[in-house]
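For reference, the structure discussed in these notes is given below.
Computation of the quantities below employed the complete heavy-atom set of this structure, encompassing side-chain atoms and omitting hydrogens, waters and symmetry-equivalent molecules. We number each residue from 1, following the sequence as shown. All figures in this text were calculated on a predicted structure; none of them were measured in a lab.
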Amino acid sequence: MAEVLVAEAAPSHQALAQFVLGTQGGHTVRFAGSAGTVLEEVESASPDLLLLEASLADRCGLDLCRQLRRKVSVPIL
């Protein structure tokens, strides 16, 4: 199965993503609650998919998406 990085800080949303993608879908799910953590995880873990919240607490998700696109080719939703 795929490794999915979910950029989401809210515990309730993390729990839902873990249930749907991990428990029901069988994927490995990792979480990042800040833009800095997202950058570290993408570079070190090379996930198969990134689910990126449009508005992270410390940075605009769209700006982060543009920065990631220059560095990596991971699919981003």
Quick one: CD on Glu8 to CD on Glu53, what's the gap to the nearest 0.5 Å? 4.0 Å
May I have all residue pairs that pass salt bridge (charged side-chain N to carboxylate O under 4.0 Å, His left out) and include part of residues 14-23, sequence neighbours excluded? none
Could you tell me which residues satisfy salt bridge (charged side-chain N to carboxylate O under 4.0 Å, His left out) with Asp58, sequence neighbours excluded, listed by chain and number? none
Check whether any side-chain N or O of Thr37 sits under 3.5 Å from a backbone N or O of Gly33 as a donor-acceptor pair, and report yes or no. no
Given a cutoff of under 4.5 Å between side-chain heavy atoms of I, L, V, M, F, W and Y, with clusters grown through shared members, what are the other residues clustered with Phe19? Leu16, Val20
Give the minimum heavy-atom separation between Phe31 and Gln14, together with the two atoms involved. CZ-O, 3.2 Å
Shortest non-hydrogen pair, Leu56 vs Ser34, comes out as CD1-C, 4.4 Å
Name all pairs fulfilling the salt bridge (charged side-chain N to carboxylate O under 4.0 Å, His left out) condition that reach into residues 14-28, sequence neighbours left out, sorted by first residue then second. none
Should Leu52 and Leu64 count as side-chain neighbours, where that means a heavy-atom distance under 4.5 Å? yes
For a 4.5 angstrom cut-off between non-hydrogen side-chain atoms, does Thr28 reach Val4? no
Quick one: side-chain hydrogen bond (donor to acceptor under 3.5 Å, both in side chains) pairs with a partner in residues 67-77, sequence neighbours left out? Glu43-Lys71, Arg59-Gln67
Hey, what do you get for CG (Asp63) to CG (Leu68), rounding to the nearest 0.5 Å? 11.0 Å
When you group the ILVMFWY residues by side-chain heavy-atom contacts below 4.5 Å and let the links chain together, are Leu77 and Leu5 in the same group? no
Residue pair Asp48 / Val74, side-chain heavy-atom distance below 4.5 Å: no
Going by the rule salt bridge (charged side-chain N to carboxylate O under 4.0 Å, His left out), which residues pair with Glu41 if we only count those two or more places apart in sequence or in a different chain? Arg30
Using a 4.5 Å cut-off on heavy atoms from C-beta on, say whether the side chain of Leu49 contacts that of Ile76. no
